[in-house]
Amino acid sequence: MDVRSFWLNGSPATGDSELTVTNPHDGREVGRHSVPTDAQVEEAVAGAHAVAKEAAALPVHVRAEALAHVSRRLAERADEIARLISAENGKPILWARGEVSRAVATFRFAAEETRRWSGEVQRLDTEPAANGRLAYVSRVPKGPVLAITPFNFPLNLVAHKVAPALAVGAPVIVKPAPATPLSALVLGEILAETDLPAGMFSVLPLPNERAAALVDDPRLPVVSFTGSAPVGYAIADQVPRKHVTLELGGNAAAVVLADADLDWAAQRVALYSNYQAGQSCIAVQRVIVEQPVYDAFVERLLPAVEALVTGDPADEKTQVGPLVSEAAAERVEQWVQEAVAGGARLLAGGTRDGATIAPTVLADVPQDAKVACEEVFGPVLILQPAASIDEAYAMVNDSKYGLQAGVFTRSLDAAFRANRELEVGGVIIGDVPSYRADQMPYGGVKDSGIGREGLHSAMEDYTYEKVMVLTGLSL
Ligand SMILES: NC(=O)c1ccc[n+]([C@@H]2O[C@H](COP(=O)([O-])OP(=O)(O)OC[C@H]3O[C@@H](n4cnc5c(N)ncnc54)[C@H](O)[C@@H]3O)[C@@H](O)[C@H]2O)c1
């Protein structure tokens with residue numbers, strides 16, 4: 001099998017070692033890639049630093065056309081890329097196709113947003129002392145962006161950092177997750193087809209322990225990290241003077257109130273507690289159901305969970321595939337067993353076959369069980385009855401995390417109350433917490449992170465406001 005090059009200052013390059021990527025479903029080799037040497041990492045950082053001024057001054061049409069090109073090419077190569085995502089990640093092809101479509105949209109939004117990205121003019125003559133003065137307020141890139149990304153969306157979460165960086169005219173160095181670097185390398189291939197100057201992007205597939213040097217480097221003033229909370233906060237501690245954005249984990253809750261459409265709620269909770277085998281920061285981990293409809297909800301939920309098709313991720317019918325590795329599945333299995341030993345009742349699943357965990361539902365879970373208070377990142381759902389809406393919302397907030405929450409209700413009042421009271425970055429009314437549109441602001445509170453992504457929010461994040469005051473004008 002060919003060894004894939006990585007991307008160094010916009011060109012393909014090879015180092016002096018290579019790594020193999022395997023399919024978590026069957027252990028088959030998916031591909032091999034070359035690994036940058038320390039000297040090549042230095043070259044990438046120096047290249048990004050050197051091009052930063054030119055990048056910030058790139059005409060809007062150049063940036064917009066490059067982004068539109070990436071969007072078009074991802075769409076043209078959608079089938080091939082979806083198969084690659086599915087193979088390296090173990091994600092069912094159904095979800096992998098969805099991820100590619102989202103990345104197509106993410107780059108398209110960026111191409112549109114960069115055309116709208118303009119300065120603003122403010123009149124300052126609100127006071128007599130400022131007669132004849134005008135401020136031009138623009139946003140300028142803080143500098144090259146270091147994008148560190150997780151394994152669970154190996155394309156679209158890279159897109160969420162690369163697209164806004166290019167849209168504002170900031171060079172970007174991508175450090176993809178070691179388990180799933182190949183999709184990011186294909187994105188590099190497409191970026192290399194554009195007219196962007198050398199140094200605008202590098203994709204460096206490095207193992208974890210070699211990422212710290214990039215984080216430390218003062219020539220990369222922005223670190224945009226998506227991944228687990230312990231790694232994210234360690235990075236923030238490592239470089240307290242840098243601008244660090246953290247998109248971290250969660251144990252997202254869906255609330256089902258007594259007035260909800262129970263058929264819809266049960267279907268959505270069943271699917272989105274198991275999509276990507278639960279390996280999404282906003283997969284439903286806890287479902288909190290108002291007491292009067294608890295039994296009726298469970299009656300609908302369990303058959304919907306049992307009906308999910310588990311198996312080979314390459315099969316178009318598969319809805320639930322393996323976790324990213326057998327070790328990850330063993331950890332989830334152990335957490336489920338610990339909960340059961342502590343008194344939880346297993347209503348579905350609980351079994352493991354290699355890296356695959358059967359869709360699992362637990363009731364009566366002890367409050368301090370890991371499946372209740374940590375991020376499971378597996379296809380495990382816990383059921384919790386609530387005596388009232390107040391108790392339901394308090395249970396959502398009884399978590400160290402706060403990314404998104406879903407509330408199934410038909411009541412506008414309950415919706416606005418949820419928006420006021422829930423300690424999360426996003427409240428999804430009438431659906432699961434797992435909903436994300438790629439242009440909307442996205443991010444968490446508490447241990448779920450700092451800052452926001454979503455095209456416009458990330459563009460703001462990568463830039464600062466700069467004011468130029470013009471004096472002596474006849475306004
Ligand atoms: N909030 C969000 O937008 C969002 C989205 C997807 C995933 N996540 C979270 O990501 C996690 C799963 O992804 P993961 O297992 O790949 O996370 P991870 O924290 O293990 O790794 C994330 C990235 O950090 C790198 N890394 C690891 N150690 C590092 C270090 N010391 N210095 C610099 N970089 C280092 C990894 O190589 C990888 O690229 C989950 O917690 C999930 O909730 C959050």
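Atoms within each ligand, like the ligands themselves, are counted from 1 in listed order. When a residue number appears, it is its place in the shown sequence, counting from 1.
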What residue and heavy atom of the protein are closest to [atom], and at what distance?
atom: atom 3 (O) of ligand 1; result: Y442 CE2, 3.2 Å
atom: atom 2 (C) of ligand 1; result: C281 SG, 3.4 Å
atom: atom 36 (C) of ligand 1; result: N208 OD1, 3.2 Å
atom: atom 19 (O) of ligand 1; result: S228 OG, 2.6 Å
atom: atom 39 (O) of ligand 1; result: T149 O, 2.7 Å
atom: atom 41 (O) of ligand 1; result: E375 OE1, 2.6 Å
atom: atom 9 (C) of ligand 1; result: G227 O, 3.2 Å
atom: atom 25 (C) of ligand 1; result: I148 CG2, 3.6 Å

query = Where the side chain of N156 meets the backbone of V100, is there a donor-acceptor pair that is under 3.5 Å apart?
reply =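 The answer is no, because no donor-acceptor pair under 3.5 Å joins these two groups.
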
query = Any sub-3.5 Å donor-acceptor pair from N251's side-chain atoms to Q285's backbone N or O?
reply =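 No, because the side chain of N251 does not come within donor-acceptor range (under 3.5 Å) of the backbone of Q285.
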
task = Select the closest option to atom 22 (C) of ligand 1 among V174, V231, T226, judged by heavy-atom distance.
result =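 Ranked by closest heavy atom to atom 22 (C) of ligand 1, first place is T226.
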
Under 3.5 Å, is there a donor-acceptor pair between the [X] and [Y] side chains?
X: T245; Y: K161; value: no
X: R452; Y: S457; value: no
X: E421; Y: N397; value: no

Which atoms of ligand 1 sit under 4.0 Å from any heavy atom of [X]?
X: A211; answer: 32 (N), 33 (C), 34 (N)
X: K175; answer: 36 (C), 37 (O), 38 (C), 39 (O)
X: N152; answer: 6 (C), 7 (C)
X: L403; answer: 1 (N)
X: P176; answer: 39 (O)
X: G249; answer: 41 (O), 43 (O)
X: P150; answer: 6 (C), 7 (C), 10 (O), 13 (O), 14 (P), 16 (O)
X: L157; answer: 5 (C), 6 (C)

message = Rounded at 0.5 Å granularity, tell me how far CD1 in I357 sits from CG in L323.
response =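 Rounded to the nearest 0.5 Å, the CD1-CG separation comes out at 6.0 Å.
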
key: side chain to side chain donor-acceptor pair (under 3.5 Å) against E88, all qualifying residues, sequence neighbours excluded   =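 With sequence neighbours excluded, E88 shows a side chain to side chain donor-acceptor pair (under 3.5 Å) to S183, given in chain and number order.
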
request  = Identify whether the distance between the nearest side-chain nitrogen and carboxylate oxygen of R116 and E113 falls below 4.0 Å.
outcome  =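 Looking at R116 and E113, the cut-off is met.
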
task = Give a yes or no on whether a salt bridge exists between E112 and R115, defined as a side-chain N under 4.0 angstrom from a carboxylate O.
result =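 Judged by the 4.0 Å cut-off on N to carboxylate O distance, E112 and R115 do not form a salt bridge.
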
request  = Would you please indicate if the ring centroids of W117 and Y462 are separated by under 6.0 Å?
outcome  =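 Between Y462 and W117, which both carry aromatic rings, the centre distance is not below 6.0 Å.
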
inquiry  = Quick check on F153 - does any of its heavy atoms sit under 4.0 Å from an atom of ligand 1?
reply    =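 Checking ligand 1 against F153, which is what was asked, there is no heavy-atom contact under 4.0 Å.
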
message = If we only consider heavy atoms of G449, is any one of them less than 4.0 Å away from an atom in ligand 1?
response =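 Under 4.0 Å: no for G449.
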
ask   = Protein heavy atom under 4.0 angstrom of atom 14 (P) of ligand 1, is there one?
value =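 Protein heavy atom within 4.0 Å of atom 14 (P) of ligand 1: present.
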
query = Quick one: side-chain contact (heavy atoms from CB on, under 4.5 Å) partners of Q337, sequence neighbours excluded?
reply =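 Result, side-chain contact (heavy atoms from CB on, under 4.5 Å) vs Q337: E333.
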
query = Is the count of non-hydrogen atoms from other residues, nucleotides or ligands lying under 6.0 Å from D79 atom CG greater than 12?
reply =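 Enclosed: over 12 neighbouring heavy atoms sit under 6.0 Å from CG of D79.
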
task = Would you check whether L248 has a nitrogen or oxygen atom less than 3.5 angstrom from a nitrogen or oxygen atom of ligand 1?
result =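 By distance alone, the answer is yes.
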
inquiry  = Check the orientation of F151 and F377. Use parallel for under 30°, tilted for 30 to 60°, and perpendicular for over 60°.
reply    =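 Plane angle over 60°, so perpendicular.
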
